[in-house]
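Here is how names work: the chains are called A, B, and so on, in the same order as the sequence lines, proteins then strands, and each is numbered from 1.
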2 protein chains.
Amino acid sequence: METDRLDSRKMAILNAIIRNYLETGEPVGSRTISKFTDLSLSSATIRNEMADLEELGYLVQPHTSAGRIPSDKGYRLYVDKMMEDKVEEVNNMKEVLDQKADRIENLLKKVAKLLAVNTNYASMITTPKYRSRKLKFIQLTNVDDEHLLAIIFLEGNIPKNKVIDTDHRYEEEVLLKLNIVLNSLLQDLDLEEINMSIIQKIKDQAGDESTLVGKVLDAIGEAIREEDNIEVYTSGATNILNYPELSSDDSAKKLLYTLEDKQELAELVDNKLSNTGEEHGTGKGDIQVYIGNETPIDSMKNCSVVTATYEIEEGVYGKVGIIGPKRMDYDKVVGTLKTLMTQLDEIFKKK
Amino acid sequence: METDRLDSRKMAILNAIIRNYLETGEPVGSRTISKFTDLSLSSATIRNEMADLEELGYLVQPHTSAGRIPSDKGYRLYVDKMMEDKVEEVNNMKEVLDQKADRIENLLKKVAKLLAVNTNYASMITTPKYRSRKLKFIQLTNVDDEHLLAIIFLEGNIPKNKVIDTDHRYEEEVLLKLNIVLNSLLQDLDLEEINMSIIQKIKDQAGDESTLVGKVLDAIGEAIREEDNIEVYTSGATNILNYPELSSDDSAKKLLYTLEDKQELAELVDNKLSNTGEEHGTGKGDIQVYIGNETPIDSMKNCSVVTATYEIEEGVYGKVGIIGPKRMDYDKVVGTLKTLMTQLDEIFKKK
DNA sequence: TGTTAGCACTCAAGCAAATAGAGTGCTAAC
DNA sequence: GTTAGCACTCTATTTGCTTGAGTGCTAACA
C-alpha cells in the first residue's frame, strides 16, 4: 500500500469523480473531469492521475474503455472526509413527529416512513432494546367466569396484558390477597432473578391457588420476553427499484426479500452492526456508514447502509438505518439522520 | 355474444389451453394442444376451434403468429367451472397456526406468511372489523406519582392500556370510588352512546376529580378508535418478481408499492371488494376471485386477486387475500384459502 | 520534471440485415 | 367434419458493422 497519503490534487480529482458519479451513476472519464473541475488540467494529466488512483485502489474500471467509478475504498475516503466537516442542519421533521404518536410502535413506523420519503432510499428502524426488563407491578382482575386479566407493568412504563383462562370465578378477596403476595415478592425483579426458591415462597403463601400462580408466572415470563423481542420496521423498500444498478438481475429481488423478511434484519442490527461498526464508524454523532462489502448482509453487498443509534432513556437504545445504492447522497443522508436524532432526543426527553 | 354456451369439445380445448398456459406462461399453439390432450385431434382442427374461441372472446392472440392466451373472460369461465367441483382438502396448516399466538396481530402476520410461502404469491390479511366496540369495564390504577394506568377492557376480550399523566398521586380510595362510578355509568356503551349527559353525570359524581375524568374519557375514546382501525399485513410481496409478466416494466414497482403502502390496500379491502365482489364471487365458502380488470386497484390490473372472509365471532370478520399473476394456480389458491378458513374457524371457536 | 497533444487501440452499445422457428389461415382432399 | 399441406406472418436471435467514449502510451514542450 506504500504511501497511502494522497496529495491534494489527487484528492480533488477523486472528489470530483465521486461527486460526478453520485449524480449520474455512469462511469466518469478523464475529459469530463478536465472540464468539470477548475483545476485547469488537460484530460491527459487527469488520465495519469486516474491511473495512479486506480493503482492505489480508490477507483475501478468496469471495462477497458470505460471511465472510472469509485471503489468501496474510494467511497470510504470520501465519506470519512465529508463527515469531518459536516454542519448540523435542522429542518422541520419535528412537526411531523410531534403529533402525538402515543404508542412507540406507531412513532417508529412514522420515522421509518419519514426517512424513506425524505431520502428516497429504503429505511429501517428497530424497536428499542432494553437490557432486561424488571417487573414494576402486577395486578390480577376478574374479567368473567372463565378469564382473569393480568396487568403486568414493566420497567419503563410498559404495560402488558395477559388474559388467563380459569375454570371458575375467583373471589375478589382471594385476588386481592394474591396481588399483594405477588407484588411483595416479585417487585423489581427481572426474569433471571425469579428463581425456584421465590416461586416456591409464592406458592406457599398462595395456598390453594398455586395452579393459578403457575399460570400467572408464565404470563409474566411471556410478557417480559415479548418486550425483549426486537422488531424491525421498514419503509420505502420499493425506492431501491429506482436505482438501475440495484434493480437489475435478481439482486433486487434478494434485497427486497431481505427488507421484507425482517427476521434477518433484526439479527443483523442486533449483533453484527454494533460490533464491526466500531471499525469504520466515525464516532461523531454516532452515525455509521457501511459501504458495499463492509455490510454484513449478503444481499446488500452492492449497497451502502448508514445507521444511527437513538436513545430513549439511559441505556435504552435502538437503531435506525438507511439502505441505498453505493452512490447514495451520503451528505444528505448523514445530515438527515443527524437532525432526526436530535429531534427524537427532544421528543423522548420531554416525555 | 350469440350462443354463449360452449360445446364440450370447445370446453375441453379451452381448458387444456388454460392449464398449459398456467404452467408455462407462454402463448400456447395448436400443435401443443393436439399432443397434450387425449382428444386425438389434429392441430388443424384445434386451430379451427381456437379461432372460434377467440371470436367468442375466451382467447386472445398477442400477435399474429403467436399461440393463444386466455382472456379475462376465459379465466373467468375456467375459475367458475373449477369452483363448482372443488373438493375440500385439508392439510397441516393447523399445526403451524396452533402454536399459541396470543395476540391476534401475531396470528394474522403468521397467516399472511403461511399463505405466501404456500402459494408463492403475495398475500394480505386485514385485522377484523368490529361494528363498534363497547366498553366492558375500566379500571384505574396508580403507577407512580405522575402516572395512572387505565385498563380499558373492550367487548371481545380486548384489553387496552393507557397511561395517563397526572400532577399528583391519587388516594387509593379516590380511585376506587372513581372506578365504581365509571363502570356503573359506562358499562356496555360504545362511543356513540357516551354522550354529554352521561359525561356530565360522571363529572358530577366525581366531584373534585373532574379533570381526571376528562382525561380518562379521552383515553377510552382513543382505545376504542384504535381498535376500530383496520390494519393490513402483507407477506411475500417479492414473490411476484418471480413472474416475468409482472416483473417487467415498472408495473412491478407499482404493485410492490401498493403492497408496501398498506394504506391503499386497507381502504380497498374495506370498501370496494366487499361491494363489487358480489357480482363475480361464486358464493361457495365465501371465496371471491377478481381477474385482471375486475380488481379495483389500478396497479393490479395485470393480476388476479383471490379473497376470502374469515369470521372471528358473530359479525366480526376480516379479509384474507392472495395476489398473483392472472395465470395463477386458481385451483391451489382456492383450495388453500378454503382449508385456511376452516382451520381459522376451529381456532377461533375454541377460544 | 511535470504537463500536454496526438494517435492507435479497445470495448460496449446501437443499428440493420439475415435467419430460424413457431404458429396461423386457407384450400383442397379424404 | 377432419386433416394434410403450403404460403404467409411475425418475433426472437444472431451476425456484422459502425460509432463514440475512453484509455494508455509516446513524444514534444515549458
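- Each of B/Ser65 and B/Arg47 was matched to the nucleotide of DNA chain D holding its nearest heavy atom; the match closer to the 5' end belongs to B/Arg47.
- Regarding B/Glu49, its CD atom lies at a distance of 11 Å from the P atom of D/dG1, rounded to whole Å.
- Judged by distance alone, with hydrogens and angles left aside, the side-chain atoms of A/Asp72 form no donor-acceptor pair with the main-chain N or O of A/Glu294 at under 3.5 Å.
- Ion pairing between B/Lys113 and A/Asp261 holds under the 4.0 Å rule for side-chain N and carboxylate O.
- No donor-acceptor contact under 3.5 angstrom links the side chains of B/Ser123 and B/Ser235, judged on distance only.
- C/dA18 is paired with D/dT13 under the criterion used here, namely a Watson-Crick or G-U wobble arrangement in which both key atom distances are under 3.5 Å.
- Distance B/Leu39 CG to D/dG1 P: 17 Å, rounded to the nearest Å.
- Taking only side-chain atoms of B/Thr45, from C-beta outward, the nucleotide of D/dC10, D/dG22, D/dT3 with the closest atom is D/dT3.
- Across all strands, A/Ala44 comes closer than 4.0 Å to base atoms (heavy-atom distances).
- Following rounding to the nearest Å, B/His63 (NE2) and D/dT11 (P) show an atom-to-atom distance of 6 Å.
- The nearest whole Å value for the distance from the CG atom in A/Asn20 to the C1' atom in D/dG22 is 14 Å.
- A/Ile17 places its CD1 atom 13 Å from the C1' atom of D/dG22, with the value rounded to the nearest Å.
- For A/Arg31, no side-chain nitrogen or oxygen approaches OP1 or OP2 of D/dG20 to under 4.0 Å.
- Under 3.5 Å, the side chains of B/Lys81 and B/Asn15 contain no donor-acceptor pair of N or O atoms.
- B/Asn118 and B/Lys332 share no donor-acceptor pair across their side chains, judged by distance under 3.5 Å alone.
- Between the CE atom of B/Met50 and the C1' atom of D/dT3 there is a distance of 17 Å, given to the nearest Å.
- Other residues, nucleotides and ligands contribute only 12 or fewer heavy atoms inside 6.0 Å of the NZ atom of B/Lys254.
- Between B/Arg9 atom CZ and D/dT3 atom P there is a gap of 8 Å when expressed in whole angstrom units.
- Within 4.0 Å (heavy atoms only), B/Ser30 reaches sugar-phosphate atoms of the nucleic acid but no base atom.
- Between A/Ile18 and A/Gly74, the shortest heavy-atom distance links the atoms CD1-O, 3.6 Å.
- With a cut-off of 3.5 Å on both Watson-Crick or G-U wobble distances, the partner of C/dC11 is given as D/dG20.
- Residue-level contact check: B/Thr64 touches the backbone only, with heavy atoms under 4.0 Å from sugar-phosphate atoms and none from bases.
- In the 5' to 3' direction, nucleotides of DNA chain C lying under 4.0 Å from heavy atoms of chain A begin and end at C/dT3 to C/dA12.
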